[in-house]
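Worksheet for the structure shown next.
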Amino acid sequence: MDLRSGRPWLHLDFLKTGLVLLALVLGLLIVLPMAWLVYYSFIDQDGGLTLGNYGLLVTDTTLLRPFLRTLGIAVSVGLLCCIVATPLAWLAARTDLPGRRILRMLVMASFVTPPFLGAIAWEILAAPNTGLVNELFRHLAGQQRNEHLVNIYTIQGLTFVMTCYTFPYVFTLVANGLDRIPSDLEDASSILGGGMTTTLRRITIPLVLPALLAGALIAILQTVTAFGEPAILALPAGFHVATTKIWSLFQYPPKPELAAAASMPLFLIAILLLQGKSWILGRKGYTIQGGKSGQARITPLGKWKPVAMAYAALILSLAIVLPYFALFKTALTRLVSDPLTFENLTLEHFRFVFLEYSPTQLAMWNTFSLGILTATVGTFIALMTAYMVSRSPVRGSAALGVLATIPIAVPSIVLGVGIFLAYSQPELRLYGTRWILLLAFLTIAMPAAYQQVHAAFQGVHVELEEASRILGSGRLQTLRRITAPLIRTSVIATWCFVFVSTIRELSASILLTTANTNLVSVMIYNLNENGNGLGPISVLGIVLLGVSVTVIALVNRLPGHRSMQLRQI
């Protein structure tokens, strides 16, 4: 109530109006596209109601096989991520491994690398004919041109690449679970005669098992909903997964009603996996908010230290060092097969991309302007929504939190289908404009942005705001003078992470861009699909990586930035 104005109804109406506007915006972002998606899944090409689309998903083997193949790959990736990430997380969190902080930082660098760019890097390394690894193998072994050591264009190759860019999810959850295990329990095991292996088997692993299972579910979810890696590696190999099959249904002749029906199983799988993760962590009392519940017990590695260092170096080389080397080497030499010598260094690919290739400037402008706009608008909406939910000034504010977090269960490719169907209608025709991309990016980024800002509001004691109100300040003045300075760091971090996630997005963008709204990520994919040279692709990839790393480095200098990375999982 504003005591100075003498009109409490004015203040109440203002808050109610804000609640309604936020509900309308959030509903526009997610409810409208999902409603059109459901509607289209039940109509035929003539507009009549039918269940035939869902029947085709079961009876048509060209539709059924990609889904079954996706599930097989996803389970394999989930298991491999657990096998790879669990020892690495234990080494980083519970041992005296040299450079443990650097190890964690480098693993987090995998989040910065767009998975589709990692897939292209492994194309450069392991393509059967031109891959650097196979070129080196033929040179050392004296093999013929048609011989190769590895072939990335296989289901096994796709599984490997997806594991490289998915295991950090498991690593993060397991490492933070290990951080929370008090040393008392492991010390008690040691006092009672338990060795390192016994303590791991009977104490540490059972306590961290919920985090490990939750990480496996997140890895499976990321694999099921991924588009970039399969589009780069599976399509040249001649097979589809679920997401690439949905994309293919928009190629000529388009079948939007079948694409809508094919999107629904992905949506349901995502909901089940997220519910499973929440149930596991909630039932066992785990959270992903960061922080430690006890001092971690550091286990000396002793004679195993060289082995542990070699293992960590191998994983980091496969996920980061080799792909980055491949991109930089390809960008700086004329041909992929040219050795990296001073004589072969050239800036020809940079000149071509920035001075000769006409779509570059438009794609750059679209990408970074949309990134800035999405980050600004998205952070503002998340800020207002989090304030309404955390302070509950009006009845029904909690519903805004539900609306803001719904998109976390919607795969990006599914969201892209829904937005395409919703905004290609004559009444709301936004397809072919940048506005449709803005809506898609806002929807994708909203859950992470809202969760980060909401956590920041929870860290501000309500008593501080009440004291300001008692001294005569209104809600807006209190928000500006008291709350805003306290949550400023989290708001800046949120803006940066939304910006980075926007400029690297591909899954929804691939369905929504046109020649006039092209983006760097889509341009990279199109160049790769058309066979226009890996040199220009590497240059564009380096630009994305450079901008992303710079922004993340700035965020890392902000106090309290670490919690954002965890909440995004």
Side-chain angles (χ1 to χ4, degrees), residues 29-38 40-41 53-54 57 63 66-75 77-78 111 114-116 119 158 162 165-166 169 216-232 234 240-250 256 258-278 403-422 436-437 439-449 451 501-502 504-513 521-522 525 568-569:
L29 290 177
I30 184 61
V31 176
L32 182 62
M34 293 306 297
W36 277 102
L37 185 71
V38 173
Y40 259 84
S41 70
N53 298 324
Y54 289 98
L57 296 181
L63 295 172
F67 279 92
L68 296 178
R69 186 180 293 117
T70 298
L71 294 177
I73 294 174
V75 172
V77 170
F111 284 122
F116 68 88
L158 175 61
M162 298 186 86
Y165 298 99
T166 306
Y169 293 95
L217 293 181
I218 293 298
I220 292 173
L221 174 61
Q222 293 294 321
T223 305
V224 168
T225 59
F227 172 79
E229 304 101 303
I232 299 296
H240 276 289
V241 297
T243 51
T244 60
K245 189 61 182 179
I246 291 172
W247 167 81
S248 72
L249 294 173
F250 278 92
L258 197 53
S263 299
M264 297 309 295
L266 287 187
F267 179 48
L268 296 177
I269 291 172
I271 292 176
L272 290 175
L273 291 172
L274 288 172
Q275 287 296 319
K277 184 213 74 170
S278 300
L403 286 173
T405 52
I406 285 177
I408 201 172
V410 185
S412 296
I413 189 74
V414 174
L415 182 65
V417 174
I419 289 178
F420 174 86
L421 297 176
I436 195 171
L437 292 168
L439 291 174
F441 296 153
L442 285 174
T443 308
I444 293 170
M446 188 53 58
Q451 289 172 359
S501 65
T502 299
R504 54 180 275 173
E505 210 288 320
L506 176 65
S507 299
S509 306
I510 197 70
L511 299 175
L512 303 176
T513 56
S521 58
V522 178
Y525 173 77
Q568 285 183 316
I569 299 175

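These figures come from a predicted structure and were not determined experimentally. Residues: numbered from 1 along the sequence shown.
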Residues in side-chain hydrogen bond (donor to acceptor under 3.5 Å, both in side chains) contact with [X], at least two apart in sequence or another chain:
{"X": "Thr70", "value": "none"}
{"X": "Tyr40", "value": "Gln425"}
{"X": "Thr502", "value": "none"}

Distance check, rounded to the nearest 0.5 Å: [X] atom [atom1] versus [Y] atom [atom2]?
{"X": "Ile419", "Y": "Met34", "atom1": "CD1", "atom2": "CE", "result": "10.5 Å"}
{"X": "Phe420", "Y": "Ile436", "atom1": "CZ", "atom2": "CD1", "result": "7.5 Å"}
{"X": "Phe116", "Y": "Leu506", "atom1": "CZ", "atom2": "CG", "result": "5.5 Å"}
{"X": "Leu258", "Y": "Ile246", "atom1": "CG", "atom2": "CD1", "result": "9.5 Å"}
{"X": "Leu273", "Y": "Leu268", "atom1": "CG", "atom2": "CG", "result": "11.0 Å"}
{"X": "Leu442", "Y": "Leu437", "atom1": "CG", "atom2": "CG", "result": "11.0 Å"}

Taking every non-hydrogen atom, the tightest pair across [X] and [Y]:
{"X": "Leu249", "Y": "Ala262", "result": "CD1-CB, 4.4 Å"}
{"X": "Phe250", "Y": "Ala259", "result": "CE1-CB, 3.5 Å"}
{"X": "Ser507", "Y": "Ile510", "result": "O-CG2, 3.2 Å"}
{"X": "Leu29", "Y": "Met446", "result": "CD1-CE, 4.5 Å"}
{"X": "Gly418", "Y": "Leu37", "result": "N-CD1, 4.0 Å"}
{"X": "Gly276", "Y": "Leu217", "result": "C-CD1, 3.6 Å"}

Would you say the side-chain atoms of Thr244 pair up with the backbone N or O of Val241, donor to acceptor, closer than 3.5 Å? yes
Thr443 (side chain) donor-acceptor with Ile30 (main chain) under 3.5 angstrom: no
Quick one: side chains of residues 218-232, donor-acceptor pairs under 3.5 Å with protein atoms, not counting sequence neighbours, listed by atom name and distance.
{"unit_1": "Thr223", "atom_1": "OG1", "unit_2": "Ala219", "atom_2": "O", "d": "2.8"}
{"unit_1": "Thr225", "atom_1": "OG1", "unit_2": "Leu221", "atom_2": "O", "d": "2.9"}

Quick one: side-chain contact (heavy atoms from CB on, under 4.5 Å) partners of Ala216, sequence neighbours excluded? Cys82
N/O donor to acceptor pairs below 3.5 angstrom from side-chain atoms of residues 403-417, sequence neighbours left out:
{"unit_1": "Thr405", "atom_1": "OG1", "unit_2": "Gly401", "atom_2": "O", "d": "2.9"}
{"unit_1": "Thr405", "atom_1": "OG1", "unit_2": "Val402", "atom_2": "O", "d": "3.2"}

Using the rule given for side-chain contact (heavy atoms from CB on, under 4.5 Å), can you reason through Phe441 versus Ser509, listing the C-alpha separation, both sets of side-chain angles and the distance that settles it, and then say yes or no? CA-CA 9 Å; Phe441 296 153; Ser509 306; 3.3 Å; yes
